[in-house]
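Take a look at the structure set out below.
Below, read A as the first sequence line, B as the second, and so on, with proteins coming before strands; counting in each chain starts at 1.
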Protein chains: 2
Amino acid sequence: MADSFRTADEISISDVAQKAGVSVATVSRVLNGHTNVREPTREKVLAAVAASGYRINELARNLRTAESRMLLTMVPDFGNPFYAAIVRGIDSVARQNGYFMLLCDTGADPGRERSYFDLLRGRRADGAICLDPAAIQQALAEEAATLPWVACCEFDPAAGVPYVGIDNYQAAGDVVRYLLSQGHRKIALINSGRGYLYSRQRAEGYRNALSAAGIDADPAWQIDLDTLDYAAGESAARTLTRLRRNRSTAVFAVSDTLAIGVINGLRGVGLRVPDDMAVIGFDDIAVAAQIDPPLTTVAQPMRELGETAARLLLKRLREPTAHVPGVLLPHKLMIRRSA
Amino acid sequence: MADSFRTADEISISDVAQKAGVSVATVSRVLNGHTNVREPTREKVLAAVAASGYRINELARNLRTAESRMLLTMVPDFGNPFYAAIVRGIDSVARQNGYFMLLCDTGADPGRERSYFDLLRGRRADGAICLDPAAIQQALAEEAATLPWVACCEFDPAAGVPYVGIDNYQAAGDVVRYLLSQGHRKIALINSGRGYLYSRQRAEGYRNALSAAGIDADPAWQIDLDTLDYAAGESAARTLTRLRRNRSTAVFAVSDTLAIGVINGLRGVGLRVPDDMAVIGFDDIAVAAQIDPPLTTVAQPMRELGETAARLLLKRLREPTAHVPGVLLPHKLMIRRSA
DNA sequence: CTGAAAGCGCTAACAA
DNA sequence: TTGTTAGCGCTTTCAG
């Protein structure tokens, strides 16, 4: 058996009851802090617990109470530092409320995501927070409609699933308008795959801000990537610089990791930032302020995003029928030296 | 109740049995893939399962089988990208073996770590992988002696707990010897707190490599920090440059995050890397190759570290009494341009 | 204030 | 091959 080397301490509530000379019900009462137990009795029980080194079997308790006190968090990639801060926020409110957080990396794969949702169906988690691409969420929304989960960062406003995120459209517009104010007219957009809501929203914010300034975005300025890692940004930078005519003077990357890769790629071909090409990122991950030049970027309130998501979920768990609204948190353009 | 909005689909194995016209035992058999069920019976059951949308209650199954099929992973800080790759390795072998990974951030706090160990005691996890500082592990080693866990990166070789890591002493020596070969004689060490085994081992490797070259390390060259974040590296760099006499010409930081902060701090006071000061980091996190100048660092086989840890744990779970040895994986000096 | 007893939903002997 | 039954360890009525 898996736990045969624990058999020695395989002591249960009835052992404790026996040792204390009371019933299991009484032991259970003191374990759960019920007040209707006389002080001397409570002490006898506590003594027996201490003496035996007894530990409650949460599995049994969970079966009985029909809850696992686990919150599932699904991220598409926990190698991306962006998620780390969000996850911290989730974790901290989860713990404050007596839940453990079960963190899973879906790799943005629907199959993996589904298998994690099975944790909910199998009662091993009470609720879930999903940070996966909106497209994936939609694919599962129907079959997961009755499950208690909320969306964070990525969401489908029409899905009826509670969510928290930021106004990506506005944020992208802010970036473009700032670049415009610095005299740029040719602004490139390095975007991620279309499965992401933020990607569509930021693209739209970018295009509209540009056309509001009377500029037609050159399609050659827009690059779609299917990953957010540094290398992808690096190669996108090369693609951009290869443009013979109508080369952009600025680039907006939808993630700091991409932007950092872009800067590196630019340096590789001997271009200076921001003089030859300005670059702006998104997220404001910790390393953004450390590189040379320090990265101008859009800060997301990552920790609050996570905390809010957790609170929405907890609320949904407590009041299953209550309407839980979507909430949008403020972002902020951090102007540093890369643009 | 927490799940009152799921009551509609609160269907159990006996409902399925009834619907299929068989006993619960038979349903259980087909659910668990036992072969001693006639084909027509199996099909009846499967049909009933499908028709009712039944989902097994894992909580009940777990109670019955006395295992949770969860593996706990404790990291001191999942904001540090170093851990991300390790955790991926753990997660992938866990999943391959039918386990879910429960990831927890202890913040290197013994209290938090203890509360996570309680997941084991409460049977909500079958085993654990601990990446916390060796000092913290030791504090808990005695009370956790009978629990199935393994140590990863940080460990106490004498504790009898299976472990996987690298040869930190040797790695630090490699760094120093490389710097020596580049003509450096004055080499600083930016280290983390003494709770970490790697910190003690690298300090020793550093000192011995230096004295093997006939150099006495100036105490002023050695800085101990209590965190690994970028800002700490930045301020350590300033401390170092403030040295009037006997200022070092190279610095070895025990983590890439620190090294990146150092480079940033150096830039802040107008010093160039590597010309004015060479810097070497440790870990080879993804961003290390992206910054300017690209960071020379010691690569750890992070994914393999995680995979190995998971395999050791799984082995320990399968064969509780088997002797599971400690294993050391190879590291590699990545020479880039910062030194 | 305390105890007896009935399950939570499942698996695994043991019978048939 | 299938069903009956006895729990896994706990919480929670319901009596007393």
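- With sequence neighbours left out, the side-chain contact (heavy atoms from CB on, under 4.5 Å) criterion links B/A94 to B/L71, B/Y99.
- By the salt bridge (charged side-chain N to carboxylate O under 4.0 Å, His left out) test, B/R64 pairs with no residue at all, sequence neighbours left out.
- Overall, the helix from C/dC1-D/dG16 to C/dA16-D/dT1 carries an axis bend of 40° between its ends, with five pairs at each end and the value rounded to 10°.
- The ring-ring contact (aromatic ring centres under 6.0 Å, His included) analysis of residues 59-81 of chain B, with sequence neighbours excluded, yields no pairs.
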- Could you write nucleotides 3-10 of chain C as a row of B, S and -, 5' to 3', where a protein heavy atom under 4.0 Å of any base atom gives B, of only sugar-phosphate atoms gives S, and otherwise -? BB-BBBBB

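- Taking atom CD of A/E43 as the reference point, atom C1' of C/dC1 lies 15 Å away to the nearest angstrom.
- Under the rule for a salt bridge (charged side-chain N to carboxylate O under 4.0 Å, His left out), the partners of A/R311 that lie at least two apart in sequence or sit in another chain are A/E307.
- A nucleotide of DNA chain D counts as in contact with chain A when one of its atoms lies under 4.0 Å from a heavy atom; the first and last such, 5' to 3', are D/dG9 to D/dT13.
- Counting heavy atoms from C-beta on, the side chains of A/M70 and B/F100 never come closer than 4.5 Å.
- Not a single side-chain hydrogen bond (donor to acceptor under 3.5 Å, both in side chains) links A/D15 to another residue, sequence neighbours left out.
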Listing, residues 32-44 of chain A side-chain donor-acceptor contacts under 3.5 Å, not counting sequence neighbours, or none:
unit_1	atom_1	unit_2	atom_2	d
A/N32	OD1	A/R61	NH2	3.2
A/N32	ND2	A/S28	O	2.8
A/N32	ND2	A/S28	OG	3.4
A/R42	NH2	A/H34	O	3.2

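- Pairs engaging residues 77-87 of chain B under the salt bridge (Lys or Arg N to Asp or Glu O under 4.0 Å) rule: A/R88-B/D77 [sequence neighbours left out].
- Under the side-chain hydrogen bond (donor to acceptor under 3.5 Å, both in side chains) criterion, B/Y196 pairs with no residue, sequence neighbours left out.
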Less than 3.5 Å apart, which donor and acceptor atoms pair up between the side chains of residues 108-117 of chain A and the rest of the protein, not counting sequence neighbours?
unit_1	atom_1	unit_2	atom_2	d
A/D109	OD1	A/G111	N	3.3
A/D109	OD2	A/R112	N	3.2
A/R112	NE	A/D105	O	3.4
A/R112	NH2	A/D105	O	2.6
A/R114	NE	A/E143	OE2	3.2
A/R114	NH2	A/E143	OE2	3.0
A/S115	OG	A/R112	O	3.1

